[in-house]
2 protein chains.
Amino acid sequence: MKLTESEWTLMKCVWESPAASVRDVWERVAPTTGWRYSTVKTMLTRLVQKGALSMEKRANTSLFRPLITSRAARRSAVRTLLDNAFDGTFGSLLQHMAHEERLSAQDRAKLAEMLNELDRRKKS
Amino acid sequence: MKLTESEWTLMKCVWESPAASVRDVWERVAPTTGWRYSTVKTMLTRLVQKGALSMEKRANTSLFRPLITSRAARRSAVRTLLDNAFDGTFGSLLQHMAHEERLSAQDRAKLAEMLNELDRRKKS
DNA sequence: CGTCTCCTGCTACGTCTGTAGCAGAAAATA
DNA sequence: TATTTTCTGCTACAGACGTAGCAGGAGACG
């Protein structure tokens, strides 16, 4: 299940409060996104079509519930990143992170250690 | 600089052999993607418009060169993943990886150690 | 019961992406 | 030089995505 940036925003809401109405979600995302009610509505509907959410009518209001877990979605996102931007392996992502300046020297050392271990295992 | 899946495929080619012609790239990606020559051409042109590649005419043939490094592109991709699927921090990505079944027990232990360290630093 | 709200279903439309074809210029080749 | 090959520039078009409006039905409230 691949999600777009906007879809992640909505899914996060629904994961936090399962059985959310359009209004629930809208009230939470509008302040930061500026999206209109109908925009949120459309996107939620598309997420239903996509199989990421279920929609159930309660009286005249639809309630949305997640059909996929955030873990599964995350796993898929990491997988995609690995395939697109790296060589498909965790190792190369770790490699990259080890070179990120944003990490402290200690973090880098830890990552380097992990990488060595992966290397050893791969070679044997 | 955000790249789509197809764009990553092409960029990888150009990074490996800077100053590539459409044909060079096409010959390398066609076997796995099945894309036509003109498809590759169009996408390379779009990457130029996007600022990811430069295009220089040599005789009647255009040569493409990367304007962004693969490291920068990767950094950006990781950043995007972090922002979309996690809470924007490396820590939560590491957290996720620590729970991935695909990692060995040793890997998990290492990651857990890293996470503890990050926690400690954050709290102090 | 009439009116005001709110919700849904449907429609719209510009942009980006994937995927490509075609015509004409330039180069290679016979 | 005549012909074949190869490039480029331009155009196309369907599907996904971002963003939203509108009309009409269902509840809420006076």
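Throughout, a chain's letter reflects where its sequence line sits, starting with A, and its residues are numbered from 1.
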- To the nearest angstrom, how far is B:Glu56 atom CD from D:dC7 atom C1'? 16 Å
- Query: Taking the side chain of B:Thr61 as heavy atoms from C-beta outward, which of D:dC7, C:dC7, C:dT17 is closest to it?
  - Reply: D:dC7
- Task: Using a 4.0 Å heavy-atom cut-off across all strands, classify B:Lys41 as base, sugar-phosphate, or nothing.
- Result: base
- Query: Do the side-chain N or O atoms of B:Thr39 get closer than 4.0 angstrom to the phosphate oxygens (OP1, OP2) of C:dA20?
  - Reply: yes
- Query: Do B:Glu16 and B:Arg28 sit within salt-bridge range, that is, some charged N less than 4.0 Å from a carboxylate O?
  - Reply: yes
- Please determine, for the side chain of B:Asn60, which listed nucleotide (C:dG21, C:dT8, C:dA27) has the closest atom? C:dA27
- Does the pair A:Lys50/A:Glu7 count as a salt bridge with the N-to-O cut at 4.0 Å? yes
- Out of curiosity, A:Ser70 OG to A:Met11 CE, how far, rounded to the nearest 0.5 Å? 8.5 Å
- Message: Is it true that B:Thr89 and B:Ser92 share a donor-acceptor pair across their side chains at a distance under 3.5 Å?
- Response: yes
- Considering only heavy side-chain atoms of B:Tyr37, the closest of D:dG9, D:dT8, C:dT19 is D:dT8
- When rounded to the nearest 0.5 angstrom, what distance separates CG in B:Leu47 from OG1 in B:Thr42? 11.0 Å
- Item | Distance-only donor-acceptor test (3.5 Å): side chain B:Arg46, base C:dG18 | yes
- Query: When the distance from CD of A:Glu5 to P of D:dC17 is rounded to whole Å, what number comes out?
  - Reply: 13 Å
- Message: Students often get this wrong, so: under 4.0 angstrom with heavy atoms, is B:Ser62 touching a base, only sugar-phosphate, or nothing?
- Response: sugar-phosphate
- Separation of atom CD in B:Gln49 from atom P in D:dT11, rounded to whole Å: 13 Å
- Message: In this structure, how many angstroms lie between the P atom of D:dG9 and the CE atom of B:Met43, rounded?
- Response: 17 Å
- What's the spacing between A:Asp87 CG and A:Leu82 CG if we round to 0.5 Å? 8.0 Å
- Return no unless some side-chain N or O of A:Lys57 is found under 4.0 Å from OP1 or OP2 of C:dG9. yes
- Task: Answer yes or no: does a side-chain N or O of A:Thr42 lie under 4.0 Å from OP1 or OP2 of D:dG18?
- Result: no
- What nucleotide, of C:dA27, C:dA20, D:dG9, holds the atom closest to the side chain of B:Arg36? C:dA20
- Item | Spacing of B:Leu44 atom CG relative to D:dC10 atom C1', expressed in whole Å | 17 Å
- After noting the C-alpha distance and the side-chain angles of A:Thr80 and A:Asp83, does the key distance pass the side-chain hydrogen bond (donor to acceptor under 3.5 Å, both in side chains) rule? CA-CA 5 Å; A:Thr80 298; A:Asp83 289 341; 6.0 Å; no
- Message: By the 4.0 Å heavy-atom rule, please label B:Ser38 as base, sugar-phosphate, or nothing.
- Response: base
- Note on the structure: The residue, B:Ala59 or B:Trp35, whose nearest nucleotide of DNA chain C is more 5′ is B:Trp35
- Note on the structure: Separation of C:dT8 atom P from A:Met55 atom CE, nearest Å, is 8 Å
- Verdict with supporting geometry, B:Trp26 and B:Ser21, side-chain contact (heavy atoms from CB on, under 4.5 Å): CA-CA 8 Å; B:Trp26 177 65; B:Ser21 65; over 6 Å; no
- Gap between atoms CH2 and C1', on B:Trp26 and C:dT19 respectively (whole Å): 15 Å
- Message: Among residues 8-18 of chain B, which ones have heavy-atom contacts with DNA chain C below 4.0 Å?
- Response: none
- Task: Assign A:Arg23 to base, sugar-phosphate, or nothing according to its heavy-atom contacts below 4.0 angstrom with the strands shown.
- Result: sugar-phosphate
